[in-house]
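Naming: A, B, ... by sequence-line order, numbering from 1 per chain.
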Protein chains: 2
Amino acid sequence: MQTEAAFLRQPSTQLPGGLVPRRRPNADAIEVLGMAMPFARNSEIYGENEPAEYLYKVISGTVRTYKVLADGRRQIGAFHMPGDVFGFETGEEHTFSAEAITDCKIAVIKRTALMAVAERDNEVARYMLALTTRELQRAQAHMLLLIKSAQERVATFLLEMAERVSTRGTVELAMSRQDIADYLGLSIETVSRTLSRLGKTATIEVSSSRRIVLRDHSALSRLNS
Amino acid sequence: MQTEAAFLRQPSTQLPGGLVPRRRPNADAIEVLGMAMPFARNSEIYGENEPAEYLYKVISGTVRTYKVLADGRRQIGAFHMPGDVFGFETGEEHTFSAEAITDCKIAVIKRTALMAVAERDNEVARYMLALTTRELQRAQAHMLLLIKSAQERVATFLLEMAERVSTRGTVELAMSRQDIADYLGLSIETVSRTLSRLGKTATIEVSSSRRIVLRDHSALSRLNS
DNA sequence: CGACCATTTGATATGGATCAAGCGATGTGG
DNA sequence: CCACATCGCTTGATCCATATCAAATGGTCG
């Protein structure tokens, strides 16, 4: 049971409200349960409506979780990057599907095993709560995104990515324009045009389609609603 | 400490994944901590950025949680009705504001007190997790809502309300058209026109502006994306 | 009754979708 | 190693759903 707990070691970012569990003395020495499984680019990690047997932690690569509506529209709910835990967005069954955007290494743990630990180990239970709370906040922020204008959505997206993957203001995008469009609830053309326009106003520089330099961070922040 | 736990008695709906705590033998006999406080129509329950000191459970009435963007647009994140627990959508500070739509009675509990209980009582911790998970699912469903067409959004809204407050297909709406518009990310005029159109096609009947009869449930379901 | 507020309905404007074509990078087979 | 096919992206032209502006209607409460 200590092994499962180790899956949760080293949260990728600081959590609010003192919800980060105190590190137990020997936690760092414990092995992660479940190997880091490799997933190839574009392969499915899990599908909507599959039983939510496992939880996942990104070791390397980028993952998209998404849902396809009846008429084929796809909404991407989140991009997950190294350190992020995902797959616990639900009760019994996954309500979203997950795919590897790039080649990935993903640590996998049995949900039931973890819940069993949580039943005994309060620290684990509280950590699960913290993760879920953070995911809830992310979803709520995403909700707000979807009522903004195209420019605002793109600006918000760029700032979000900058926080997560930027090196001195340069953002390397793992995902295609189509992925971005489906994340932002826009068409691919609108995403492209908006990036071009931001380029023309020197707010950003589109070095290549996947490499974007944020030139005027504060202008983006102002656009961020 | 048993008193705080009682705040969580009787979840309003069934939870997935066996996450509902087993009822402890004497739980039903325990008093709810924190009086059922009255809130007048349109009064604030808490404000965005206030410290999230309390959790809330609706005893009677309807509550909206919302966020106002810089330019004044308002997005309503959720409507809360009797039995719903809200206010735990966040870490340290509320990210949304909450207001009473109608006169309300709301049970209030200190968050820190509850977290303290959760630290000892695993059942409570797991129940908190279940509540948060459900809220996450609600937020994700709301995300999907916001990429749909106006007709689909209104249909989804009506079906959602029907599940929560309908008496034999008749829905009594506690909220104004403006509230509905801000919940659905539409203008008030579009909401009104869409309801009128659904009325003309005999899918619903708008008895009065706040009373709507669902005539063709399956047509609505088909519109529900 | 009259004032006020919520709602509906109508006319027009517009942001982003859609349809369509061109372009550049990457990879493949001859 | 080059010609060509493919794929992802950009750019242009047009269309349409919904927003916005405006006015009429209806319902509620003093």
A/Glu189 bridged to A/Arg193 by N-O distance under 4.0 Å = no
message = I'd like to know if A/Lys148 and B/Asp71 make a salt bridge, using a cut-off of under 4.0 Å between side-chain N and carboxylate O.
response = no
[X] side chain near [Y] side chain, heavy-atom distance below 4.5 Å:
X	Y	value
B/Met128	B/Leu114	yes
A/His217	A/Leu214	yes
A/Thr65	A/Ile76	no
A/Asn224	A/Phe157	no
B/Arg215	B/Ile204	no
B/His142	B/Gln75	yes
B/Leu129	A/Met115	yes

Distances for protein N/O vs nucleotides 13-16 of chain D N/O pairs under 3.5 angstrom?
unit_1: D/dA13; atom_1: N6; unit_2: A/Arg193; atom_2: NH2; d: 3.3

Are [X] and [Y] linked by a side-chain donor-acceptor pair shorter than 3.5 Å?
X	Y	result
B/Tyr183	B/Glu160	yes
B/Thr170	B/Thr167	no
A/Ser221	A/Ser218	no

Salt bridge (charged side-chain N to carboxylate O under 4.0 Å, His left out) partners of residues 170-185 of chain A, not counting sequence neighbours, each pair once = A/Arg64-A/Asp179, A/Arg74-A/Asp179, A/Arg74-A/Asp182, A/Glu172-A/Arg211
task = Not counting sequence neighbours, which residues clear side chain to side chain contact (heavy atoms under 4.5 Å, CB included) with A/Leu223? List them please.
result = A/Gln151, A/Ala155, A/Leu198
message = Which heavy atom of A/Ala78 sits nearest to which heavy atom of A/Arg138, and what is that distance?
response = CB-CD, 4.0 Å
ask   = First and last nucleotide of DNA chain C in contact with chain A, 5' to 3', at under 4.0 Å to a heavy atom: what are they?
value = C/dG16 to C/dC19
note = A/Glu48 meets the salt bridge (Lys or Arg N to Asp or Glu O under 4.0 Å) criterion, sequence neighbours left out, with A/Lys67
query = How would you list, by chain and number, every residue that makes a salt bridge (Lys or Arg N to Asp or Glu O under 4.0 Å) with B/Glu50, sequence neighbours excluded?
reply = none
query = At under 4.0 Å between heavy atoms, what does A/Ser192 touch on the DNA or RNA strands: base, sugar-phosphate, or nothing?
reply = base
inquiry  = Does the protein touch nucleotides 23-30 of chain D at the base, only the backbone, or not at all? Give it as B, S and - per nucleotide, heavy atoms under 4.0 Å.
reply    = --------
task = Flag the pair A/Tyr56 / A/His80 as yes when their ring centroid distance falls below 6.0 Å, and as no otherwise.
result = no
task = Could you tell me if the ring centre of A/Tyr66 sits under 6.0 Å from that of A/Phe96?
result = no
remark   = Ordered by number, residues from residues 143-157 of chain B within less than 4.0 Å of DNA chain D (heavy atoms) are B/Ser149, B/Ala150
query = To the nearest 10 degrees, what angle separates the axes at the start and end of the helix from C/dC1-D/dG30 to C/dG30-D/dC1, five pairs each?
reply = 30°
ask   = Listed by chain and number, what are the side-chain hydrogen bond (donor to acceptor under 3.5 Å, both in side chains) partners of A/Arg41, not counting sequence neighbours?
value = none
inquiry  = Below 4.0 angstrom, which residues in residues 204-216 of chain A have at least one non-hydrogen atom near DNA chain C?
reply    = none
task = Using heavy atoms and a sub-4.0 Å distance, could you list which residues of residues 171-191 of chain B are near DNA chain C? By number, please.
result = B/Ser176, B/Arg177, B/Glu189
